[in-house]
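Throughout, a chain's letter reflects where its sequence line sits, starting with A, and its residues are numbered from 1.
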Amino acid sequence: GALVYQYPRRTICKSGTSMRMECQAVGFQATSVAWYRQSPQKTFELIALSTVNSAIKYEQNFTQEKFPISHPNLSFSSMTVLNAYLEDRGLYLCGARDWEYEQYFGPGTRLTVL
Amino acid sequence: GQQVQQSPASLVLQEGENAELQCNFSTSLNSMQWFYQRPGGSLVSLFYNPSGTKHSGRLTSTTVIKERRSSLHISSSQTTDSGTYLCALEGASSSFSKLVFGQGTSLSVVP
């Protein structure tokens with residue numbers, strides 16, 4: 001079956017430091033990868049979309065300078081939260097899909113910023 | 001504006017009662033997914049339902065594109081059904097793979 005793994009599951013970083021999170025798709029080709037964030041007491045919002053052979057598209061309020069994303073092949077993606085502050089805390093989800101099929105989500109990386 | 005309106009925001013049921021969760025959307029639709037969010041935050045995909053009705057055990061999802069709505073019906077609720085339910089849509093005019101999530105319904109089933 002199709003599975004998406006995310007690492008780490010939980011992480012704590014000091015304010016002003018950076019942390020990298022990874023997303024691994026197994027059992028299907030991740031032709032597109034979407035990164036979402038759920039801030040405390042809120043629903044999920046899209047950070048950026050990465051589709052194979054296309055430029056990564058960032059949503060309003062999110063930038064490549066703050067959330068650089070790598071999508072080097074059809075099974076892996078990573079995103080870094082640079083210079084993290086309190087407002088960056090939350091659950092980061094990676095959603096991957098193979099073209100028009102259903103999007104599969106990983107378990108998320110929960111970021112705490114001290 | 002808000003593309004996805006989910007209702008109710010919260011719901012308390014007696015065990016055995018049925019629940020009807022609604023998701024209304026203001027844009028044309030490519031796909032609709034329903035998720036259960038575990039207490040730890042991870043999402044469990046319940047239905048991928050662009051149109052029509054789908055069944056899975058005690059759960060039924062119905063998406064009516066013309067009326068721009070999707071519903072999740074839980075029959076004979078159990079205490080283990082408690083948690084947050086989210087709908088997410090991929091609009092026809094939005095970027096490929098962009099899911100817009102509803103605000104969620106917090107369901108509590110009491111014995």
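Following chains of ILVMFWY side-chain contacts shorter than 4.5 Å, one can reach B:Leu11 starting from B:Leu59, so the two form part of one hydrophobic cluster. In this structure, A:Ile69 is not a member of the same hydrophobic cluster as A:Phe76, with clusters built from ILVMFWY side-chain heavy atoms closer than 4.5 Å. Tracing side-chain contacts under 4.5 Å through hydrophobic residues (I, L, V, M, F, W, Y), one never reaches B:Val100 starting from A:Tyr104; they form parts of separate clusters. Residues B:Phe101 and A:Val4 are members of separate hydrophobic clusters, defined by side-chain heavy-atom contacts under 4.5 angstrom among Ile, Leu, Val, Met, Phe, Trp and Tyr.
The distance from the OH atom of A:Tyr36 to the CG atom of B:Leu43 is 10.0 Å, given to the nearest 0.5 Å. Taking CD of A:Gln41 as the reference point, atom CD of B:Gln103 lies at 11.5 Å (rounded to 0.5 Å). Here the CZ atom belonging to B:Phe35 is positioned 9.0 Å from the CG atom belonging to A:Leu93, to the nearest 0.5 angstrom. Separating the OG1 atom in B:Thr84 from the CD atom in A:Gln38 is a distance of 8.0 Å, to the nearest 0.5 Å.
You'll find the side chain of B:Leu86 reaches within 4.5 Å of the side chain of A:Thr43, heavy atoms only. Between A:Gln103 and B:Lys98 there is no side-chain heavy-atom pair separated by less than 4.5 Å.
Taking B:Gln37, B:Gln6, B:Arg38 one by one and counting their heavy-atom pairs under 4.5 Å with chain A, the maximum is reached by B:Gln37.
Residue A:Arg10 qualifies as open at atom CZ: its count of foreign heavy atoms under 6.0 Å is 12 or below. Atom CD of A:Gln60 has 12 or fewer heavy atoms from other residues, nucleotides or ligands within 6.0 Å.
Put simply, the side chain of A:Arg110 gets close to the backbone of B:Gly40: a donor and an acceptor are under 3.5 Å apart.
Minimum heavy-atom separation, B:Ser42 to A:Pro107: CB-O, 3.5 Å.
Remark: A:Asn73 engages A:Ser75 in a side-chain hydrogen bond (donor to acceptor under 3.5 Å, both in side chains) (not counting sequence neighbours).
Both the backbone and the side chain of A:Phe44 come within contact range of chain B, each with at least one heavy atom under 4.5 Å from a heavy atom of that chain.
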